[in-house]
There are 2 protein chains.
Amino acid sequence: MPRPAKVTRDQIVAAAIRLVDRDGAAALTMSRIGEELGVAAMSLYNHIDNKEALLDAVAETILSDITVPSTASGWESIVRESFRSVRRVAHRHPALFPLVLDRVPHLLGEARLIEAFLEVMCAAGFDERTALGAFRILSDFTIGYVLAEARGITLEPGQGRLQAGSLPSESFPRIAQVLPQLGAEDRDADFELGLDLILTGLRAWLSDRTATRPTVD
Amino acid sequence: MPRPAKVTRDQIVAAAIRLVDRDGAAALTMSRIGEELGVAAMSLYNHIDNKEALLDAVAETILSDITVPSTASGWESIVRESFRSVRRVAHRHPALFPLVLDRVPHLLGEARLIEAFLEVMCAAGFDERTALGAFRILSDFTIGYVLAEARGITLEPGQGRLQAGSLPSESFPRIAQVLPQLGAEDRDADFELGLDLILTGLRAWLSDRTATRPTVD
DNA sequence: ACCTGAACACCGTTCAAGT
DNA sequence: ACCTGAACACCGTTCAAGT
C-alpha cells in the first residue's frame, strides 16, 4: 500500500544548500539534512543514491544559477558578464562553492557553459581550439580567484588571515607597506583587472588573425 | 623515566604525504598514518596537536618546494618560472594539492612567496599595490588551472570526465568539433598562453607608466 | 512506496593506565 | 616522555521490519 512521501529529492537538495550556507561545509551531514526536514537520515536514501550523488545534484543547481547574457553586445562584454556571474554566484554561496567545484568536471551543466562560450567565441572569429584555450584560462582564473576569496585571502584589509604577531615587518617589508593601503574594493578591482588583461590579450590575438587572414567565405 | 620516541613529527608529516600520493586524499586518516609508521593512531597526538595542525605542516612542506629562481634574468622570466614551479609541484602531488590550498591562506610560507614576488616586481618598477594585484591574478590563475588539472578536466584528449554517452553531439556541436583535436600537449600550451596574456598586460602597464612618469630619482 | 531502529565499519580525539 | 586500550561522539550506509 503506497504511502505519501514526507520529503522529495528537490527538498533534500534545497535543505543541503541552506544548511551549508547557514552552518558551513562541515554541517553537511546526512543526519543534519534529515533533521532539517523532520526525517531520519536513512530516509534520504529512498530519494538519492548516496552523498556523492547528492553533491552532484547540489552542484548542478548552483551551476544553473550562472547566467550567460543574451547575445546583444559583442563577445567581450558577454564573456566578461558571464564570469562576473560566476563570481556573483560564488559570493552567494561562499562555503558551498569549493564543494561545487569538486563536482564540476563531470557535470552536464559545465558542458552547457562550455558550449555556449565556444558558440560566442567562434561567432566572433576564433577557431574552436583557441576558444577552448580561452575558456580554460578565463574560467580557471575566475575559479582560482573566487576560491581564494571564499577561503579567506592571505593579505586583506585589516590584517588578513595571518595572525597579527606572526608577520614581523622587518622580515616582510614590502607586505608591511601594502597592507595598510588595502581597501575592500581592491578585491573587485583586481578581479576586473585580471579579466581585462586576459581579454585584451585575446582581442590582440583576434585582430592579428583577422588582419593576416581577412574574413574569407 | 624517559622513553625513546618511536616516531617523530617529521616522520608523521612525511608519512602523510606518502600516503596521499600513493592512495589518494581519502586515505589520509590518523589510523592509516599510524599503520604506516607501526604505531597506534593515538600516539600521533604526542607529536601534533590534531589533524588540522598536521595538514598545516604538510602544506608548509609542499609550499617550500616551490622555487623562485635567483634574480638573474629580468622580472618576466623570474615570474614565469616561479609559477611554472607551482605547477610542477602540483603535478608531483596531484591528490594532495587541493588539500594544501585549503591551508595556504594562513601559512607563513605563503607570506614568504608574496614578499619575494613583491620584491621582484617593485625592483622592476611596479608600485606595491599593483604588484600585489599582479600576484593575485597570476597565482589565482595558476591555482585554478592546476586545480582543474588535478581534479580532471571536463574536456580532455580522448573523452574527458563526461561519460561518452552523455554528450549527444547534436546538442553540443562545438564541443564535438574540438574534442578530437585535443592533444595532451594542449594543457601545457594553454597554461603558457595564460601566463603570456597576463604578463603581456603587465608589461604594457609598466611601459605606459615609465613613459608618462620617466624614472625619477 | 516510503519510513526507521538497529547494526556495521569507520572517523577524530581524550584519558587513564602502563613502561 | 612516550605509547596504547578503552571509550565517546560522530560519520555514511545497509537491511529487515514496520505502515
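Reckoned from all heavy atoms, side chains included, excluding hydrogens, waters and symmetry mates. None of the values given here were measured: they were computed from a predicted structure. Convention: sequence-line order gives letters A, B, ...; per-chain numbering from 1.
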Atom [atom1] of [X] and atom [atom2] of [N]: how far apart are they, to the nearest Å?
X     : N      : atom1 : atom2 : value
B:I48 : C:dT14 : CD1   : C1'   : 14 Å
B:E52 : C:dC11 : CD    : C1'   : 15 Å
B:L55 : C:dG12 : CG    : P     : 10 Å
B:Q11 : D:dC2  : CD    : P     : 13 Å
A:N50 : D:dT14 : CG    : P     : 8 Å
B:E35 : D:dC3  : CD    : P     : 17 Å
A:Y45 : C:dC8  : OH    : C1'   : 13 Å
A:L37 : C:dT4  : CG    : P     : 11 Å

Query - Residues B:H91 and B:E149: side-chain donor-acceptor under 3.5 angstrom - result: yes

Query - Between B:D127 and B:T130, a side-chain donor and acceptor under 3.5 Å - result: yes

Report summary line: B:T29 has its side chain closest, among D:dT4, C:dT4, C:dC11, to C:dC11

Query raised in the report: Which of these nucleotides, D:dC3, D:dT13, C:dT13, is closest to any side-chain atom of B:N46?
Result: D:dC3

Query raised in the report: Taking the side chain as C-beta and beyond, is there a heavy-atom pair between A:T154 and B:L107 under 4.5 Å?
Result: no

Query raised in the report: Checking side-chain contact (heavy atoms from CB on, under 4.5 Å) for the pair A:T142/A:F191: CA distance, chi angles, key distance, verdict?
Result: CA-CA 8 Å; A:T142 301; A:F191 178 69; 4.0 Å; yes

With respect to the phosphate group of [N], does any side-chain polar atom (N or O) of [X] fall under 4.0 Å of OP1 or OP2?
X     : N      : result
A:H47 : C:dA1  : no
A:K51 : D:dG12 : yes
A:S43 : C:dC2  : no
B:S31 : C:dC11 : yes

Report summary line: Applying the 3.5 Å cut-off to both distances, the Watson-Crick or G-U partner of D:dG5 turns out to be C:dC15

Report task. Just say parallel, tilted or perpendicular for the rings of A:F117 and A:F135, cut-offs at 30° and 60°. Result -> perpendicular

Query - Sugar-phosphate only, base, or nothing, as touched by A:M42 at under 4.0 Å among non-hydrogen atoms - result: base

Query raised in the report: Within the structure shown, what part of the strands sits under 4.0 Å from A:L28 by heavy-atom distance: base, sugar-phosphate, or nothing?
Result: sugar-phosphate

